[in-house]
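The analysis underlying the following values was restricted to heavy atoms, covering all of them including side chains, and did not include hydrogens, waters or symmetry mates. When a ligand or atom number is given, it counts from 1 through the structure's own listing order.
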Amino acid sequence: MGYRDTYDRWKADPEAYWLEQAEAIDWDIAPTRALFDRGDHIYEWFADASVNTCYNAVDRHVEQGNGSRVAIIYDSPITGNKSTLTYSELQAHVASLAGALVAQGVEKGDRVVIYMPMVPEAVEAMLACARIGAIHSVVFGGFASSELAVRIDDCKPKAIIAASCGVEPSRVVDYKPLLDGAIEQATHKPDTCIILQRGQKPCELNPERDIDWYAAQDGVRPAPCVPVEGNHPAYILYTSGTTGAPKGVVRPTAGHLVALNWTMKNIYNVEPGEVFWAASDVGWVVGHSYICYAPLIAGNTTVVFEGKPVGTPDAGTFWRVIEEHGVASFFTAPTAIRAVKREDPDGEEIKKYDLSSLRALYLAGERADPDTVEWAQEKLGKPVYDHWWQTETGYTIVGNPAGLEALPVKVGSPTVPMPGYDVQILDERGDPLPAGELGAIAIKLPLPPGTLPGLWNAEDRFRKSYLTTFPGYYETGDAGRIDEDGYVWIMARTDDVINVAGHRLSTGAMEEVLAGHPDVAECAVVGVSDELKGQMPVGFLCLTKGVDRPHEEIVAECVTRMREQIGPVAAFKKAVVVDRLPKTRSGKILRATMVKIADGEDFKTPATIDDPAILDEIRTTLRGIGYPQG
Ligand code: COA
Ligand code: AMP
C-alpha cells in the first residue's frame with residue numbers, strides 16, 4: 001500500500017488505523033480503545049492500556065533473542081573514545097541505574113532532571129527513568145544555570161542526574177558548577193544528584209546531596225520495569241515559546257511508543273537490526289525521539305555521536321561515521337550540512353568514504369534551504385528528505401514516507417502530511433484557504449498518538465498557545481502553503497520564536513535578559529538570516545536617559561549577560577544601540593520590518609508606523625554591523 005492509500009485509510013478510520021499500529025507494541029494490558037475524548041478539545045490515546053517504555057525499547061529485544069545485537073554505538077571524535085553496548089548490556093546498565101534511583105527514593109511519577117552531554121549514560125539515564133515510571137526532563141548542556149533553574153522550579157525533580165563535564169571543541173564545559181548554581185538559584189531543591197565523573201574533568205561532590213554514578217549503583221537491586229497507564233507522562237521537554245518562561249511539553253507514554261515505532265520503517269526506511277543515526281543532542285526533541293527512543297523501540301542500533309560536523313577533526317567526520325558503522329539512515333539539521341559544505345564545497349571528504357550502506361539523508365529542525373539540499377543530493381548521490389516537525393509533536397508532521405513510498409522530492413518542501421495529521425492552511429479568521437495561498441498552518445484536532453496532550457502544570461497556557469486562535473485546530477506557529485499536489489511549504493514562524501543552528505530559541509526570553517541591564521530602557525531582539533546558522537539573534541538597545549558610557553561596553557555586557565543567563569547556545573553576539581525602535585502608532589514594535597531591513601528584502605512601510613524616518617536609521621545602523629550579509 002502506498003502513501004495515498006495509507007493516508008486515506010487512516011483518515012477513514014483513525015482509531016482502527018492506530019489500534020492496528022499498536023499491535024507492534026508489547027503491552028502489559030493492551031488498549032481496548034484508541035482515542036479518549038476528554039472534552040473541550042483535549043484528547044488522549046490508549047489511556048486504558050498499561051505498558052512500559054523501557055521494556056519495549058530494551059528488554060523485549062533481549063527476550064526475543066536479540067540480546068547480543070548492538071543497541072548503542074558511542075563515537076566521540078572530540079574525546080577519542082568509541083564503544084558499543086549490546087541490548088543485553090544496555091538492559092543490565094539500565095536496570096542497575098534504575099535500581100539506584102529507587103534506592104534514592106525515586107518512584108513512579110517523580111520527576112528526574114537529566115543534564116548530560118552526548119554520552120551513552122545519558123540514554124541510560126532516560127531509559128532508567130522510563131523503567132520505573134519516573135518522568136525525566138532532559139536539559140540541553142548549552143543552557144546556563146538560570147535556564148536550568150527555571151526548569152527545576154517548574155518540574156520539581158526529586159533527583160538530578162548529571163555529568164561532571166561536557167566537551168566542546170574550544171573547551172571543557174564544567175557542568176557541575178552550572179548545576180550547583182542552578183540548584184542554588186532554584187526554590188525547589190532535589191534530594192539527590194547522581195553524578196557521572198568523566199575522565200576529562202571530574203568534579204567535587206557535595207556529600208550532603210551528591211552521589212557518584214557507580215557508588216549509587218553499588219549493592220542495589222536491579223529494578224524491574226514498572227507498567228504505567230497509557231497516558232502517564234513519559235517525559236517533559238522544555239521548549240521555547242513567546243515569553244521567557246519555557247513550555248514544558250508533556251509526552252504521553254503509549255502514543256509515544258506506537259507512533260515512534262511506526263516512523264522507523266515508514267519514514268526512515270530501516271529494518272530492525274540496521275544502524276540509524278541522528279546527529280543531534282539528547283537535549284533536543286530529535287535526540288529524545290531519534291537518538292534514544294524510536295531506534296531502540298524498533299530494535300535498531302543507534303549512534304551516540306559526541307562531536308561536531310566540522311572541526312572534530314574535519315568535515316569528513318559524518319562520512320567516516322557512516323562508513324565505519326554502516327549507517328543506513330542518517331538524520332541531521334541543515335545547519336550541520338551547511339557547515340560541512342562551507343568547509344568542503346567540492347565534497348572531497350565525501351569521496352574518501354564508502355557510503356554504500358546509506359539509503360538517505362533526512363533533514364529537520366529548521367528550513368532546509370534549496371542550495372543545501374541540492375548540494376547534498378549531488379555530492380552524496382542519495383535522496384535528501386526534508387521533514388517538518390516540532391517538539392510538541394515529537395515526530396514528523398510533514399515528510400516523505402520513504403519506507404512506505406518514496407515520493408518525488410520538491411526541493412524546498414518537506415513533502416506531504418503523514419497519516420494522523422490533517423494539515424490545513426487557515427486565514428486570520430480560521431477559514432481554510434485554497435491551494436497555493438499562504439496562511440497559518442494548523443492541524444485539525446485531534447492530533448495523533450504521541451503528540452502533546454498538554455503542558456506540564458500549565459493547562460491555560462496550553463490552551464492559549466495552541467487551541468484558542470483556531471477553535472478545533474492545533475496552531476503550529478508556522479506559516480506556509482499547500483500546493484495543488486498536496487505538498488506543504490513551510491515559510492516562517494508566526495510568533496517570536498527563532499531558529500539558530502537548528503536550535504529553537506525565544507526572542508522574548510532574550511529581550512527579558514537585555515531589559516534587565518540597568519542601562520537599557522527598551523529593547524528588541526530579532527532573528528536575522530544567517531548563511532551558516534539559518535538565523536542569528538540581533539539585539540536593538542535604547543538606553544536609559546542620561547546614560548553616557550561607550551556603547552561598545554554596554555553591548556559587550558549584554559552579550560555576556562545573555563551567555564550567563566540563557567547560555568552559549570543562544571549565539572547572541574551582536575547588538576546595536578539605537579535612539580528609538582520602529583513602532584506602530586499603538587506602540588507595537590515592528591520586528592518583522594526590522595528583519596526585512598536586516599535581510600535586505602523589499603518591504604512595504606507599514607501604514608500604521610509612527611515615524612517612517614526611523615527605518616532609515618535602523619538600516620544605517622545594521623549596515624554598520626554587516627547586515628544585510630554578502
Ligand atoms: N554544552 C555546552 N555548550 C554547548 C553545547 C553543549 N552541549 N552545545 C553547544 N554549546 C556551545 C558551543 O560551544 C558554542 O559556544 P561558543 O559561543 O563559546 O563557541 C555555542 O554553544 C554555540 O554552539 P553551536 O550551536 O554548536 O555553534 P558552533 O558555532 O559551535 O557550531 C555548527 C556551528 C553548525 C557546527 C553547530 O551549530 C551544529 O553542529 N549544528 C547542528 C545543530 C543540530 O544538530 N541541531 C539539533 C537539532 S536537530
Ligand atoms: P523544535 O520544536 O525545536 O523542533 O522546532 C520546531 C520549529 O522548527 C518548527 O515549528 C519550525 O518553525 C522549525 N522547523 C522544524 N523543521 C523544519 C523544516 N523541516 N522546515 C522548516 N522549518 C522547520
Any atom of ligand 1 sitting under 4.0 Å from a heavy atom of [X]?
X      : answer
Gly141 : yes
Phe140 : yes
Arg563 : yes
Pro309 : yes

Heavy-atom nearest neighbour in the protein, as seen from [atom], with distance rounded to 0.1 Å:
atom                    : value
atom 3 (N) of ligand 1  : Gly142 CA, 3.7 Å
atom 33 (C) of ligand 1 : Lys533 CE, 4.1 Å
atom 30 (O) of ligand 1 : Lys308 NZ, 4.1 Å
atom 32 (C) of ligand 1 : Thr335 CG2, 4.4 Å
atom 10 (N) of ligand 1 : Glu168 OE1, 3.4 Å
atom 20 (C) of ligand 1 : Pro568 O, 3.3 Å

Run the side-chain hydrogen bond (donor to acceptor under 3.5 Å, both in side chains) test on Arg320 and Tyr353 for me, step by step, so that the C-alpha distance in whole Å, both residues' side-chain angles and the decisive distance to 0.1 Å come before the verdict. CA-CA 6 Å; Arg320 193 266 305 159; Tyr353 298 94; 5.9 Å; no
List ligand 1 atoms under 4.0 Å from [X], heavy atoms only on the residue side.
X      : result
Val173 : 2 (C)
Arg171 : 13 (O), 15 (O), 16 (P), 18 (O)
Ser280 : 46 (C), 47 (C), 48 (S)
His503 : 25 (O), 42 (C), 45 (N)
Val569 : 21 (O)
Gly502 : 47 (C)

Not counting sequence neighbours, which residues clear side chain to side chain donor-acceptor pair (under 3.5 Å) with Tyr473? List them please.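 By the side chain to side chain donor-acceptor pair (under 3.5 Å) rule, Tyr473 matches Gln424.
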Residues which pass side chain to side chain donor-acceptor pair (under 3.5 Å) with Gln197, listed by chain and number, not counting sequence neighbours: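 Here no residue qualifies.
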Checking contacts here: is it the side chain or the backbone of [X] that comes within 4.0 Å of ligand 1, counting heavy atoms only? Could be both or neither.
X      : result
Ala279 : backbone
Lys573 : side chain
Tyr175 : side chain
Met118 : neither

Test item: [X] side-chain N/O and [Y] main-chain N/O as donor-acceptor pair under 3.5 Å:
X      : Y      : answer
Ser137 : Ile236 : yes
Ser465 : Arg461 : yes
Arg504 : Ser240 : yes
Lys308 : Pro169 : no
Ser289 : Gly394 : yes

Trp388 and side-chain hydrogen bond (donor to acceptor under 3.5 Å, both in side chains): which partner among Thr396, Thr393, Asp478, Thr476?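 By the side-chain hydrogen bond (donor to acceptor under 3.5 Å, both in side chains) criterion, Trp388 pairs with just one of Thr396, Thr393, Asp478, Thr476: Asp478.
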Which residue pairs satisfy the side-chain hydrogen bond (donor to acceptor under 3.5 Å, both in side chains) criterion with at least one member in residues 403-421, sequence neighbours excluded?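 Applying side-chain hydrogen bond (donor to acceptor under 3.5 Å, both in side chains) to every pair that reaches into residues 403-421, excluding sequence neighbours, yields Lys410-Asp483, Lys410-Asp485.
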Within the 3.5 Å criterion, strictly below it, is a donor on Tyr290 or Thr263 matched to an acceptor on the partner's side chain?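 The answer is yes; a qualifying pair exists.
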Give, for atom CE of Met562 and atom CD of Glu512, the distance between the pair rounded to the nearest 0.5 Å.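 Reported value, rounded in 0.5 Å steps: 10.5 Å.
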Would you please write out the protein residues whose heavy atoms approach any atom of ligand 2 to under 4.0 angstrom, listed by chain and number?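 Within 4.0 Å of ligand 2, the protein residues are Val285, Gly365, Glu366, Arg367, Asp386, His387, Trp388, Trp389, Gln390, Thr391, Asp478, Ile490, Arg493, Asn499, Arg504.
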Counting the benzene-type ring for Trp, do Phe330 and Tyr362 have ring centres under 6.0 Å apart?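 No, the ring centres sit 6.0 Å or more apart.
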Between Tyr395 and His288, is the ring centre distance below 6.0 Å?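 No, they do not, as the ring centres are separated by 6.0 Å or more.
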Report yes or no: is the cationic atom of Arg151 (NZ for Lys, CZ for Arg) closer than 6.0 Å to the six-membered ring centre of Phe143, at no more than 45° off its axis?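 Ring-cation test returns yes.
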